[in-house]
Engineer: 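I am attaching a structure below and will ask some questions about it afterwards.
All values below come from the heavy atoms of this structure, side chains included, with hydrogens, waters and symmetry mates left out. Just so it is clear, the model here is predicted, and its values are computed rather than measured.
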Amino acid sequence: MLLIIEKLTTSMDDSRVEMLARQHGIRQKRDNGGVKKAFIAFLKRADEGTLSRIAV
């Protein structure tokens, strides 16, 4: 599940990823490299239920 969502996230444009990140309470940090990188880090720590909701 994680692999599929990571691939989808990297192919999405930044505005869509930012929208998903805001829905899950992730804010962009200036020194972090962007919201995409922060969202992928969130995905790696997420449980399977969260990953399923993101996929849908």
Engineer: Apply side-chain contact (heavy atoms from CB on, under 4.5 Å) to residues Ile54 and His24 and explain how you reach the verdict.
Structural biologist: CA-CA 9 Å; Ile54 291 171; His24 293 283; 3.5 Å; yes
Engineer: Please list, one pair per line, the donor and acceptor atoms closer than 3.5 Å that link side chains of residues 39-49 to other protein atoms, with sequence neighbours excluded.
Structural biologist:
unit_1, atom_1, unit_2, atom_2, d
Arg45, NH1, Ala41, O, 3.3
Asp47, OD1, Thr50, N, 3.1
Asp47, OD1, Thr50, OG1, 2.5

Engineer: Quick one: side chain to side chain donor-acceptor pair (under 3.5 Å) partners of Thr10, sequence neighbours excluded?
Structural biologist: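 Applying side chain to side chain donor-acceptor pair (under 3.5 Å) to Thr10 gives none.
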Engineer: Taking the side chain as every heavy atom from C-beta outward, state whether Leu20 and Met12 have any atom pair closer than 4.5 Å.
Structural biologist: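 Yes, their side chains come closer than 4.5 Å.
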Engineer: Under 4.5 Å between side-chain heavy atoms, chaining through other members, with only Ile, Leu, Val, Met, Phe, Trp and Tyr counted: pull out the rest of the cluster around Ile4, sorted by chain and number.
Structural biologist: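 Joined to Ile4, directly or through intermediates: Leu8.
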Engineer: Under the side-chain contact (heavy atoms from CB on, under 4.5 Å) test, which residues partner Met1, sequence neighbours left out?
Structural biologist: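 For Met1, the residues satisfying side-chain contact (heavy atoms from CB on, under 4.5 Å) (neighbours in sequence not counted) are Ile5, Leu51, Ser52, Ala55.
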Engineer: What pairs of residues pass the salt bridge (Lys or Arg N to Asp or Glu O under 4.0 Å) test when at least one of them lies in residues 1-14, not counting sequence neighbours?
Structural biologist: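 Non-adjacent pairs meeting salt bridge (Lys or Arg N to Asp or Glu O under 4.0 Å): Asp14-Lys36.
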